[in-house]
Amino acid sequence: MGKDIKISNGMNLFLKLCFTGVFIFSIFFASWYALNGDMVFGTDVARDFHILREISEKKLILIGPRASGDLFHGPGWPYLNYPFFVLGNGNPVAVGWGWVFFTAISGLIAFYVGKNLFGIKIAYLFGSMAVLNTAFHARGMINPHAVMILIPLFFFSFVKYFQTSKLKYLILNILVGGLMVQMELMAVPLLVLSFGAIIFKQIKEKRFRQIPFFLIFALILSNFLIFDLRHDFLLSKRFLEFTSPQDGPIYGYRDFFQNRIDLAFQGTEILRRNIGPANLFLFLTTIGFVFVQIRRKKYMFFYLSFLYFYFGYFILSLLNKGQVLYFHQFPIFPLVFLVFSSFITSKYSKQFILLFFVILALNLRSAYLDIKESEGFIGKDMYSWRFLNEASAKIFQGKEKELGYFVYSPDVVAHEPKYAAIYNAEKSNKKSYYFQKKPVTYLFIQPPPPNDPYMTEDFWIKSQLNISASPSSTIVFPNGYKLEKFELSKEQIAIPFDPAIDPGLHFR
């Protein structure tokens with residue numbers, strides 16, 4: 001017996017050291033882009049920075065970014081990032097450091113949940129998987145990432161409430177669920193599953209005094225209600241349209257069902273870089289272990305809850321009359337990681353530990369490869385914040401004291417180059433005019449898609465801006481971006497441009 005205790009203590013120490021090492025490495029890996037003054041500044045990330053500017057101007061906003069079906073996410077994610085935005089005076093890199101902080105929080109939440117549901121060994125394993133997975137995302141986070149970080153706590157509170165019926169777990173589930181919906185509407189199916197099961201339990205056990213606590217959820221989402229009342233129930237109408245059954249050439253439920261099946265079984269990134277059908281095999285292995293544990297009646301309610309939420313989510317997602325995309329799925333990855341980590345409690349614990357560390361080693365290798373591959377992105381790619389910042393800064397480095405500038409992107413909204421140009425305009429001591437013609441006018445132009453002659457800037461310049469002059473200077477950057485300087489006469493300035501070229505910074 002003394003030998004078994006020594007082995008157990010030795011294993012705990014080994015797992016603790018592994019978790020500590022993975023946690024430290026993950027924070028370094030998550031910091032890599034911020035350390036280099038960069039981030040992946042794609043459309044959705046840039047969109048969020050325009051919303052952060054809106055918060056700076058208005059202080060209070062009721063809705064966040066646009067979602068599917070002309071709905072809107074809550075403003076939870078922008079407000080969560082806002083303190084870092086303020087600290088950095090609008091510099092996205094400061095928000096990038098906030099994402100590093102969120103990465104650390106994800107590991108700590110995972111550790112807490114693993115420890116309180118199973119014990120210290122699972123805490124070490126799940127914490128390692130969760131923090132490393134989050135670190136892969138830290139170069140460019142958007143609102144679904146908040147759900148990914150919070151979902152272990154949401155699941156934990158659900159399981160603990162069913163095990164104990166304690167009010168504190170009910171309140172925690174409602175609070176975390178409300179925050180998840182404020183971040184991302186894809187969390188709604190998860191709340192339907194959770195609240196539906198909890199209310200059924202309360203009615204069955206005649207715990208009617210606990211039901212009114214769901215008013216907390218209504219309070220958390222009061223911003224949606226206020227917005228709806230102020231805009232003639234716009235969100236309610238759109239939600240009813242969104243959930244109404246439709247079929248035909250656009251809405252093919254057979255294809256959507258196949259999409260859900262494919263993602264449910266082979267979409268989870270147990271391995272960050274999938275090797276052939278490896279993730280399909282690993283997920284099927286996970287499901288196999290789940291049924292082995294259920295047959296042994298070990299942590300049975302935990303595993304049944306996982307199956308309920310995981311597959312229930314994909315079934316309820318059919319309300320979305322479209323494909324489930326990557327950002328709809330990755331927030332539920334941590335549930336799979338938690339279940340996978342729990343198999344150290346199975347009778348095949350030795351085989352599982354070997355499998356776990358093979359997967360961990362491959363994922364650490366993927367992180368190393370990501371760092372190497374970042375050399376081709378940082379400061380060079382068209383979606384690199386550092387590039388956009390440095391390139392747009394050249395607009396304000398000429399000798400002129402006053403200038404106008406326009407920004408072009410094939411997708412019209414141009415969130416990424418617009419934010420970079422506005423950021424540098426506010427830093428500059430020059431008098432600059434956004435989307436206005438002046439004697440000196442600059443055009444900051446995003447490259448068109450490859451081999452698409454109809455998406456170039458030529459039509460935009462000649463027929464929409466109504467500029468017929470030739471540029472006095474042109475800078476062509478290696479990634480295809482252009483910065484053109486025009487010196488316009490009074491007659492050219494007087495010709496109005498098409499106002500449709502700027503649909504608004506927030507595209508609301």
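If you read the sequence from its start, that first residue is 1, and numbering goes on from there.
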Open item on the list: Under a 3.5 Å threshold, yes or no: a donor from one side chain and an acceptor from the other, between S342 and Y303?
Closed with: yes
Open item on the list: Would R273 and D370 count as a salt bridge (charged side-chain N to carboxylate O under 4.0 Å, His left out) here? Give the steps.
Closed with: CA-CA 10 Å; R273 295 186 182 222; D370 274 19; 2.5 Å; yes
Open item on the list: Using 30° and 60° as the class boundaries, would you call the ring planes of Y124 and F111 parallel, tilted or perpendicular?
Closed with: tilted
Task: Neighbour count above 12 (heavy atom, 6.0 Å) for F281 CZ - done: no
Open item on the list: For a quick test of reading the model, state the closest non-hydrogen atom pair linking V290 to L307 and the distance between them.
Closed with: CG1-CD1, 4.0 Å
Task: Short N-O contact, R139 and D38, less than 4.0 angstrom - done: no
Open item on the list: For R53, is there an ion pair with E426 - N to carboxylate O distance below 4.0 angstrom?
Closed with: yes
Open item on the list: Working to the nearest 0.5 angstrom, can you tell me the gap between E457 CD and S409 OG?
Closed with: 11.5 Å
TODO: Drop me the distance from F309's CZ to L190's CG, to the nearest 0.5 angstrom.
DONE: 7.0 Å
Open item on the list: If I take atom CZ from residue F444 and atom CZ from residue F406, how far apart are they, to the nearest 0.5 angstrom?
Closed with: 15.5 Å
- [ ] Please check if the side chain of H73 supplies one atom and the backbone of L185 the other of a donor-acceptor pair under 3.5 Å.
- [x] yes
Open item on the list: Please confirm whether the ring centroid of H137 lies under 6.0 Å from the ring centroid of F330.
Closed with: yes
Open item on the list: Main chain of V159, side chain of Y169: is a donor-acceptor contact present, judged purely on distance under 3.5 Å?
Closed with: no
Open item on the list: Centre-to-centre under 6.0 Å for F302 and F306, is that the case here?
Closed with: no
TODO: Grab the two heavy atoms, one from L388 and one from A420, that are nearest each other, plus how far apart they are.
DONE: O-CB, 3.6 Å
TODO: Name the orientation class of the two ring planes belonging to F29 and F25 (parallel below 30°, tilted from 30 to 60°, perpendicular beyond 60°).
DONE: parallel
TODO: Give a yes or no answer on whether the side chain of N389 reaches the backbone of W385 with a donor-acceptor pair at less than 3.5 Å.
DONE: no
TODO: Determine, stepwise, if the pair I51 / W77 fulfils side chain to side chain contact (heavy atoms under 4.5 Å, CB included).
DONE: CA-CA 10 Å; I51 294 174; W77 178 249; over 6 Å; no
Task: Any side-chain heavy-atom pair of E54 and I61 under 4.5 Å - done: yes
Open item on the list: Tell me whether the rings of F352 and F356 are parallel (<30°), tilted (30 to 60°) or perpendicular (>60°).
Closed with: tilted
- [ ] Give a yes-or-no answer on whether the side chains of Q446 and Y383 include a donor-acceptor pair shorter than 3.5 Å.
- [x] no
Throw together a table of side-chain donor-acceptor distances under 3.5 angstrom for residues 359-369, partners on residues two or more places apart or in other chains.
from : atom 1 : to   : atom 2 : distance (Å)
N363 : OD1    : R272 : N      : 2.8
N363 : ND2    : I270 : O      : 3.0
S366 : OG     : L362 : O      : 3.2

Open item on the list: So F377 and V40, do their side chains get closer than 4.5 Å, heavy atoms only?
Closed with: yes
Task: Derivation of the ring-ring contact (aromatic ring centres under 6.0 Å, His included) call for F435 and Y405 - done: CA-CA 5 Å; F435 274 59; Y405 66 94; 7.4 Å; no
TODO: Determine the interplanar angle of the Y481 and F387 rings, folded into 0 to 90°, and report it as parallel if under 30°, tilted if 30 to 60°, perpendicular if over 60°.
DONE: tilted
Open item on the list: For F101 and W97, I'd like to know if the aromatic rings sit close, meaning centre-to-centre distance below 6.0 Å.
Closed with: no
Task: Neighbour count above 12 (heavy atom, 6.0 Å) for F311 CZ - done: yes
Task: Donor-acceptor pair between N279 and Q266 side chains, under 3.5 angstrom - done: no
Open item on the list: Using side-chain heavy atoms (C-beta onward) and a distance below 4.5 Å, is Q323 in contact with F256?
Closed with: yes
- [ ] For L271 and A278, work out which heavy atoms get closest and say how close.
- [x] CD1-CB, 3.8 Å
Open item on the list: Please check this pair: side chain of T103 against backbone of W99, looking for a donor-acceptor N/O pair closer than 3.5 Å.
Closed with: yes
Task: Separation of L170 CG from I216 CD1 (nearest 0.5 Å) - done: 7.5 Å
Task: Aromatic centroids of F126 and Y112 separated by under 6.0 Å - done: no
Open item on the list: If you count heavy atoms of other groups shown closer than 6.0 angstrom to OH of Y326, is the number above 12?
Closed with: yes
Open item on the list: I'd like to check K115 versus I122 (side-chain heavy atoms, cut-off strictly below 4.5 Å). Are they in contact?
Closed with: no
Open item on the list: Measuring centre to centre across the rings, with the benzene-like ring taken for any Trp, is F217 within less than 6.0 Å of F195?
Closed with: yes
Open item on the list: Counting neighbours of NZ on K201 that are heavy atoms of other residues, nucleotides or ligands and sit closer than 6.0 Å, is the number greater than 12?
Closed with: yes
Task: Side-chain donor-acceptor pair present, S384, Y33, cut-off under 3.5 Å - done: no
Task: Donor-acceptor pair, side chain of K380 and main chain of E375, under 3.5 angstrom - done: yes
Task: V324 backbone acceptor or donor facing N259 side chain under 3.5 Å - done: yes
- [ ] Consider only side-chain N and O atoms of N173 and S194, and report whether a donor and an acceptor are under 3.5 Å apart.
- [x] yes
Task: Whether E269 side chain and N274 backbone form a donor-acceptor pair below 3.5 Å - done: no
Task: Distance (rounded to the nearest 0.5 Å) between I174 CD1 and F154 CZ - done: 10.0 Å
Task: Side-chain donor/acceptor of Q329 to backbone N/O of L263, under 3.5 Å - done: yes
Open item on the list: Between F102 and H145, is the ring centroid distance below 6.0 Å?
Closed with: no
Open item on the list: Could you tell me if the side chain of H328 sits less than 4.5 Å from the side chain of F314, heavy atoms only?
Closed with: no
Task: Distance in Å, F155 CZ paired with L150 CG, rounded so as to fall on 0.5 Å steps - done: 15.5 Å
Open item on the list: Between D228 (side chain only) and S236 (backbone N and O only), is there a donor and an acceptor less than 3.5 Å apart?
Closed with: yes
Task: Minimum heavy-atom distance V131-G107, with the two atoms named - done: CB-CA, 3.8 Å
TODO: For the pair Y308 (side chain) and L193 (backbone), establish whether a donor and an acceptor sit closer than 3.5 Å, ignoring hydrogens and angles.
DONE: yes
